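Read the numbers this way: they start at 1 and go in the same order the structure lists the ligands and their atoms. Small disclaimer: the values here were computed from a predicted structure and weren't measured.
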Amino acid sequence: MRRAGLIKPLLRINNNKSRVWRENYATQINTEYAECTLDPKEYVDFKKQLRQINLLPKDGHTCLQVECRLCERNRQPAAAHTRGVAEQGLLAYVNKRTGAFICPNCDVKTSLSNALAAYQIPTPAGYLRLPQTQPVYESRFSYLTNVTPEACDALGIKGLKESQLNAIGAQYEPEQNLLHFKLRNAAQLVVGEKVLHLSDRHEETFQGTSMSGLLIHGVGNKSKAVLVSNLLDFIVLATQNIETHCIVCLPYELKMLPQECLPGLERFKELVFWLHYDSSHNWDAARAFAQKIEEKRCLLIRATETEPAPHLALRRRLNLRHILAKATPVRHKAITTFGAMRNDILSELQNIEKVNGVKWKRFPVLNKLLKGHRRGELTILTGPTGSGKTTFMSEYSLDLAMQGVSTLWGSFEIRNTRLAATLLRQYVGYPLDNKLQEFDHWATEFERMPLYFMTFHGQQPLKPVLEAIEHASYVHDVMHVIIDNLQFMMGVSSFRGDKFWEQDAIIAAFRSFATKHNVHVTLVMHPRKERQEDDLTTSSVFGTAKATQEADNVLIIQDKRLTSVRGKKYLQIAKNRYSGDLGIMPLEFDKEALSYSSQMQGAKRRREKTTTEA
Ligand SMILES: Nc1ncnc2c1ncn2[C@@H]1O[C@H](COP(=O)(O)OP(=O)(O)OP(=O)(O)O)[C@@H](O)[C@H]1O
Ligand code: FES
């Protein structure tokens, strides 16, 4: 199995709405499942091995479905000639993108190479089958009862009865005043729980080992399902008795859809996204998730005034079945018409703030000019050597990650530990080297952000980097990738021709990645050697004009302090394809916090003023 650059998740992902506890247990198999990309050759060998033992897999939407052989629970694999008609054994799932081998029956996840040995006849000497394990998920809530009328009324859904809530699997926890639902995996085993706090409507998700749980209401033979992003929408639709569709609540709202959940969706031929977009960073979530679960079976109800999320539609007395019937394909055909795009356009116009993207909290000038940070765009940041490109990009990305933008850093120039230390200092707002007693507190807070780091360092060929990014965008739902800096991929890739040609090819690869995977890619690039007194311009970007032609945004750090007495340092927005506004943002540097943010500096001055006045 080819290892891409390993991506080290900074452990837990959490934000104030939904707590995800990722206990990364090692799998029971002899090695922990490594984050790696699928080796096509291994996949072919595995299918060949299955044919040899006459075990015919089912080629599903996202997974190969095959009888599991990992543990002793299953019959020993019969030799090819003795197998009669295969009665269906317990199913395991091989993810066709990552090669992850997932068995929901024993809640196991491992790599294809690990699993292959279990299908070999004779079993390789020394290979031990897994002991039989029956995963038991221990609920965090010890006292759960039937839903009470008061709890039902607290939901504010007109006409809803507590008996309906009990019928869809809801339970009530009186101490914390919350509704509780079990999450089950593809083998219908309880592997987690999702709760809705009735006091403030915030949700929390708790999962055990492999994060494979979904909340599904509806009988097993339905081949269609509606996917909703929160429990309120789930309750509204699940209590409507919609005959044609199951109702599925995504476990982590629009933040992410773990690959371990995909086996639970394999049985559906049609999936309708009917989502509630509660913030700008998840406006494109349906498109991103559809790419993961196979676009051609995905339909979308585009959020408009007349087709809002289910709980809003119910409140506005709109006809839910009528809205459901109007779902259209997520992706338009190759040739389309205005009519087919009409709802898309209306939805974007009515949600323009979300379409503008995620606003920076620390850089209001950037919001004014760039309007926000959007998925699918390519940004180039350049500036003189040592001018603060990495420092600025660190704070720029931190601001977004604090708002839920899942971010992957490719730091080829400085070590991940140094970059993470910079990010932490910008997060805290002051250095911790003489306040080490505070480190654990801040580090635990910091870990909860969706920040990932590629473990590549120094010169890297382009291919493994793109593989690692592709893997991360699939497995971790990454929305923003930063490459610092591009020059580290020059001279080692298998390009022939001059360095400008090589640079153009690398930029073209990132451009198509950003568009195809709807991920924002930021490339930090050195400028051509310029005379210090000259302003850098878009043509200063290293290489040919292609770099700045392909980019949606070009940001340049201009440092005039070195060439004139009253010189300032500022960030120039030299290209802005989305809204066209160009301009500059002054960069005052707070060395303590390693911050360029005027907001942070203002807050710090206010803090100091109050302490001196006290
Ligand atoms: N405006 C500033 N004033 C003073 N020091 C700064 C400023 N901006 C960054 N620094 C400091 O300068 C050093 C270099 O910053 P950084 O690595 O971000 O620059 P860079 O442009 O990425 O460098 P390179 O061109 O080598 O990639 C860091 O120690 C950083 O803390
Ligand atoms: S049935 Fe698959 S590991 Fe036990």
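Considering backbone and side-chain atoms together, F589 places no N or O closer than 3.5 Å to any N or O of ligand 1. Considering backbone and side-chain N/O atoms, D484 never comes within less than 3.5 Å of an N/O atom of ligand 1. Distances between N or O atoms of R418 and those of ligand 1 include no value under 3.5 Å. Considering backbone and side-chain N/O atoms, N485 never comes within less than 3.5 Å of an N/O atom of ligand 1.
Sorted pairs that involve residues 554-576 and meet ring-ring contact (aromatic ring centres under 6.0 Å, His included), not counting sequence neighbours, are lacking altogether.
Among protein heavy atoms, atom 15 (O) of ligand 1 sits closest to T391 OG1, 3.5 Å. Scanning all protein heavy atoms for the shortest distance to atom 27 (O) of ligand 1 gives E413 OE1, 2.5 Å. Among all non-hydrogen protein atoms, the one lying nearest atom 20 (P) of ligand 1 is K389 N, 3.5 Å. Shortest contact from atom 19 (O) of ligand 1 to any protein heavy atom: G388 N, 3.1 Å. The protein heavy atom nearest to atom 23 (O) of ligand 1 is G386 N, 3.3 Å.
Remark: of the listed residues F392, Y596, Y396, F392 is the sole one forming a ring pair (Phe, Tyr, Trp, His ring centres under 6.0 Å) with F363.
The protein does not reach atom 13 (C) of ligand 1 closely, with no heavy atom under 4.0 angstrom from it.
Remark: the S113 side chain and the S111 side chain contain an N/O donor-acceptor pair separated by less than 3.5 Å. For the 3.5 Å distance criterion, the side chains of T379 and H520 qualify, holding a donor opposite an acceptor. The closest side-chain donor-acceptor pair between S387 and D559, if any, does not fall under 3.5 angstrom.
Heavy-atom proximity to H526, at under 4.0 Å, picks out these atoms of ligand 1: 24 (P), 25 (O), 27 (O). Of all the atoms in ligand 1, the ones that sit under 4.0 Å from a non-hydrogen atom of L594 are 31 (O). Taking every heavy atom of K569 and a limit of under 4.0 angstrom, the matching atoms of ligand 1 come to 1 (N), 2 (C), 7 (C), 8 (N). Under a 4.0 Å criterion applied to the non-hydrogen atoms of C106, ligand 2 contributes the atoms 1 (S), 3 (S), 4 (Fe). Numbered from 1 in the order shown, with element, the atoms of ligand 1 that lie under 4.0 Å from a heavy atom of K591 read 5 (N). Under a 4.0 Å criterion applied to the non-hydrogen atoms of L70, ligand 2 contributes the atoms 3 (S).
Taking all atoms of both residues into account, the shortest heavy-atom contact from D581 to K368 is OD2-O, 4.0 Å. Summarising the geometry of Q549 relative to R577, their closest heavy-atom pair is O-NH2, 2.7 Å, with the distance given to 0.1 Å.
Distances shorter than 4.0 angstrom do not occur between any heavy atom of M393 and any atom of ligand 1. In this structure, E588 does not count as a contact residue of ligand 1, since none of its heavy atoms falls inside 4.0 Å of the ligand. The shortest heavy-atom distance from G383 to ligand 1 is not under 4.0 Å.
For atom 4 (Fe) of ligand 2, the set of nearby N, O or S atoms under 2.8 Å includes none belonging to C68.
A donor-acceptor pair is defined here as one N or O able to donate and one able to accept, closer than 3.5 Å; no such pair exists between the side chain of R362 and the backbone of E395.
In this structure, D399 does not pair ionically with K359, as no charged nitrogen and carboxylate oxygen lie closer than 4.0 Å. Using a 4.0 Å cut-off between charged nitrogen and carboxylate oxygen, D59 and K96 count as a salt-bridge pair.
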Practice item. Would you please test E266 and Q65 for side-chain hydrogen bond (donor to acceptor under 3.5 Å, both in side chains) and show each step? Key: CA-CA 9 Å; E266 278 295 89; Q65 300 170 34; 3.1 Å; yes
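Residue contacts with ligand 1, taken as heavy atom pairs separated by less than 4.0 Å, involve Y596 solely via side-chain atoms from C-beta onward.
Using the six-membered ring where Trp is involved, Y427 and W442 have ring planes that are perpendicular, over 60° apart on the 30 and 60° scheme.
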